[in-house]
Amino acid sequence: MTAQFSEKLHYKGETLSLCSTPLGPFFKNSRLPYQPVDLSTALHRGYVGHWSIEKDHLYLVGIDAKIYSKEGQEYIKAGLADFFPDARDKVFAHWFTGDLRCEMGGLLKYRHAGFASTYEQDLYIRVRRGVVLQEHIVVNGVAEPHARRAHIVAAQTVYRTDD
């Protein structure tokens with residue numbers, strides 16, 4: 001499997017690369033007539049979620065996705081309102097229970113698979129039904145001074161549509 005684009009988490013004034021997919025359980029259990037479309041080997045889930053933790057609550061604040069048009073012959077952009085029609089600017093992630101993992105610091109070892117690369121530190125945030133319970137940092141080592149840093153999208157493939 002190819003390394004995957006990370007989700008983005010806004011937390012304590014920083015934007016972190018989130019190596020977890022909190023929308024996975026939502027899409028697995030939803031009855032939406034459409035799902036995000038896999039357009040890249042670097043984005044098998046078909047979307048990038050934008051998250052925020054505010055007052056110990058996890059919120060989905062945006063989503064960039066492509067879905068098939070009603071005719072099923074083209075891709076169209078989809079955002080938060082397409083998946084959560086009643087949402088204004090954010091959605092409380094009540095469906096998510098698990099650990100969020102954010103990579104931090106310099107790259108220690110690149111692995112061309114999912115979120116398997118190792119960085120200097122991992123921030124783990126334990127969440128139950130959308131509520132943050134605790135957090136801790138795991139130190140994995142010290143990177144070379146010139147090592148690639150976490151939180152940077154070094155390249156991105158953009159798919160044009162006529163919308």
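Residues: numbered from 1 along the sequence shown. Everything quoted here is computed from the prediction, not taken from an experiment.
- Taking His10 as the reference, Thr15 meet the side-chain hydrogen bond (donor to acceptor under 3.5 Å, both in side chains) condition, with sequence neighbours excluded.
- Taken to the nearest 0.5 Å, the OH atom of Tyr11 stands 9.0 Å off from the CG atom of Leu16.
- Closest heavy-atom contact between His50 and Asp64: NE2-OD2, 2.8 Å.
- Of all non-hydrogen atoms in Asp82 and Lys77, the two that sit nearest each other are OD2-O, 4.2 Å.
- Between Asp122 and Glu103 the shortest heavy-atom distance is OD1-CA, 3.9 Å.
- Phe26 pairs in a ring pair (Phe, Tyr, Trp, His ring centres under 6.0 Å) with only one of the listed residues (Tyr47, Phe96, Phe84, Phe92), which is Phe84.
- Residues Phe83 and Trp95 keep their aromatic ring centres 6.0 Å or farther apart.
- Of all heavy-atom pairs spanning Gly49 and Leu60, the tightest one is CA-CD1, 4.3 Å.
- The cluster map of Ile, Leu, Val, Met, Phe, Trp and Tyr, joined by side-chain heavy atoms under 4.5 Å apart, puts Tyr124 and Val132 in different clusters.
- Distance alone, capped at 3.5 Å, is enough to place a donor-acceptor pair between the Ser20 side chain and the Arg101 backbone.
- In terms of heavy atoms, Leu18 sits closest to Cys102 at CD1-SG, 3.9 Å.
- Residues meeting the side-chain contact (heavy atoms from CB on, under 4.5 Å) test with Arg126, sequence neighbours left out: Asp99, Leu133, Gln134.
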Kindly determine whether Leu58 and Leu100 satisfy side chain to side chain contact (heavy atoms under 4.5 Å, CB included), including the steps that lead there. CA-CA 10 Å; Leu58 178 64; Leu100 302 175; 4.1 Å; yes
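- The hydrophobic cluster containing Leu9 does not contain Val138, counting ILVMFWY residues as joined when their side-chain heavy atoms lie under 4.5 angstrom apart, directly or transitively.
- Follow the hydrophobic side-chain contacts under 4.5 Å out from Ile63 and you never reach Tyr59; the two are in separate clusters.
- Side-chain contact check for Met104 versus Glu14: every heavy-atom pair is 4.5 Å or farther apart.
- Hydrophobic clustering of Ile, Leu, Val, Met, Phe, Trp and Tyr side chains at less than 4.5 Å, counting indirect connections, unites Val131 with Val61.
- Contact record, Tyr119 with Gly105: CD2-O, 3.4 Å, taken as the closest heavy-atom pair.
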